[in-house]
Every structure is written in structure tokens, then in C-alpha cells.
Amino acid sequence: MKYLLLSYTPAAAWDAATADTPSEEALAAFAAYQRFEQELVETGEFVTSEGLGHPAVSTTIRKGPSGVVATDGPFIELKEVLASFAVIDVSSHERAVEIVSRMVAALGEPMEIRPIMGEGFVA
């Protein structure tokens with residue numbers, strides 16, 4: 001079963017002005033994540049992973065009374081921001097929890113696990 005892993009970071013820790021220049025702490029966390037990613041590649045459980053741009057450069061699209069509107073930046077004030085995502089393909093939810101628990105213990109930031117609705121999903 002495939003799972004989407006969503007990695008969050010405190011909004012206050014991610015300064016838009018310095019987002020393109022990672023701190024030593026950020027580089028160390030990225031190196032630790034890459035070790036987990038390599039382990040998942042070796043076990044055949046890794047599908048994909050990407051970091052995301054700073055929320056200040058995002059665009060939010062909403063439908064309102066006057067139609068569809070695009071707004072620069074996040075629409076609401078955020079305490080945590082979505083920093084990256086990964087997709088894994090594992091045998092069970094328990095295995096996904098095991099993997100993510102190790103990542104959170106090493107990286108210190110919260111992560112969310114969501115099942116991906118595959119071909120068997122019926123609306």
C-alpha cells in the first residue's frame with residue numbers, strides 16, 4: 001500500500017529571506033533524511049520525495065462569490081508549514097508508522113502519514 005508522508009516545520013524557523021541558504025542544522029537534517037531515503041530505496045519501499053518551496057512564494061486558488069481568484073502566498077497565518085513530501089510503498093500501515101517514527105525521532109519535526117487511494121478506491 002502506498003502512503004504519502006507529509007513533513008512539517010515551524011513557520012518561524014523558515015525565514016523567506018534566507019530560504020535559499022540552508023543553515024547547518026537544515027543541512028544535517030537533510031543528510032539524515034537522505035540516509036532514511038537510501039534505506040527505503042534498498043528495501044524497495046521508496047517511491048519519490050521532494051522538498052517544497054517557501055510558503056511566501058506559493059499561490060492559493062479559491063472559488064469565491066465573484067469567481068475563481070488566485071492569491072499570492074498562503075491564505076492563512078501558519079504555525080507549521082508543509083516542507084516536503086515523500087511517497088512510500090509498504091506492506092502495512094504499521095510499517096509506515098515504524099518508518100516515520102524513526103524519521104521523526106531523528107529529525108525532530110512532525111510528519112503526517114496518509115494512505116493514497118489507489119485503483120481499488122470506489123466513490
Side-chain angles (χ1 to χ4, degrees):
M1 178 162 208
K2 289 184 181 173
Y3 290 90
L4 176 65
L5 311 181
L6 302 169
S7 177
Y8 295 89
T9 194
W14 198 5
D15 181 4
T18 60
D20 292 335
T21 310
S23 66
E24 290 298 319
E25 183 179 280
L27 291 172
F30 184 65
Y33 176 79
Q34 286 181 312
R35 289 190 293 276
F36 283 112
E37 189 176 287
Q38 184 56 41
E39 179 183 320
L40 295 172
V41 167
E42 291 169 4
T43 63
E45 297 171 306
F46 179 77
V47 177
T48 191
S49 155
E50 295 290 339
L52 300 174
H54 193 279
V57 296
S58 67
T59 302
T60 301
I61 312 294
R62 297 205 187 276
K63 184 177 178 181
S66 60
V68 177
V69 178
T71 306
D72 290 339
F75 186 70
I76 57 174
E77 186 175 328
L78 304 169
K79 293 183 181 178
E80 291 180 332
V81 295
L82 183 60
S84 65
F85 72 90
V87 175
I88 57 173
D89 192 353
V90 294
S91 59
S92 66
H93 182 261
E94 291 76 18
R95 175 65 178 144
V97 169
E98 175 189 330
I99 290 166
V100 172
S101 294
R102 290 180 52 222
M103 289 178 172
V104 169
L107 303 175
E109 301 293 349
M111 294 180 77
E112 181 178 347
I113 302 169
R114 289 201 188 173
I116 295 175
M117 294 183 264
E119 295 175 14
F121 179 74
V122 179

Answer with yes or no whether the hydrophobic clustering places [X] together with [Y]; edges join I, L, V, M, F, W, Y residues whose side-chain heavy atoms lie under 4.5 Å apart.
{"X": "Val47", "Y": "Ile113", "answer": "no"}
{"X": "Ile99", "Y": "Phe36", "answer": "yes"}
{"X": "Leu6", "Y": "Leu52", "answer": "yes"}
{"X": "Leu40", "Y": "Val104", "answer": "yes"}

Mind checking side chain to side chain donor-acceptor pair (under 3.5 Å) for [X] and listing every partner two or more places apart, or none if nothing turns up?
{"X": "Glu24", "result": "none"}
{"X": "Glu98", "result": "Arg95"}
{"X": "Thr43", "result": "Glu45"}
{"X": "Ser49", "result": "Tyr33, Glu37"}

Close side-chain approach of [X] to [Y], heavy-atom, < 4.5 Å:
{"X": "Met1", "Y": "Pro115", "answer": "yes"}
{"X": "Glu109", "Y": "Pro10", "answer": "yes"}
{"X": "Leu82", "Y": "Tyr8", "answer": "yes"}

Mind jotting down which residue pairs meet the salt bridge (Lys or Arg N to Asp or Glu O under 4.0 Å) criterion with at least one end in residues 1-11? Sequence neighbours excluded, please.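 Found none.
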Tell me, please, which residues at least two apart from [X] pass side chain to side chain contact (heavy atoms under 4.5 Å, CB included).
{"X": "Ala70", "answer": "Thr59, Ile61"}
{"X": "Phe30", "answer": "Gln34"}
{"X": "Ala29", "answer": "Leu107"}

Nearest-0.5 Å distance that lies between atom [atom1] in [X] and atom [atom2] in [Y]:
{"X": "Glu50", "Y": "Ser7", "atom1": "CD", "atom2": "OG", "result": "13.5 Å"}
{"X": "Glu39", "Y": "Arg102", "atom1": "CD", "atom2": "CZ", "result": "4.0 Å"}
{"X": "Thr48", "Y": "Asp89", "atom1": "OG1", "atom2": "CG", "result": "12.5 Å"}

Carefully, step by step, assess His93 and Tyr3 under the rule side chain to side chain contact (heavy atoms under 4.5 Å, CB included). CA-CA 8 Å; His93 182 261; Tyr3 290 90; 3.2 Å; yes
Shortest non-hydrogen separation from Leu5 to Val100 and the atoms involved: CD2-CG2, 3.5 Å
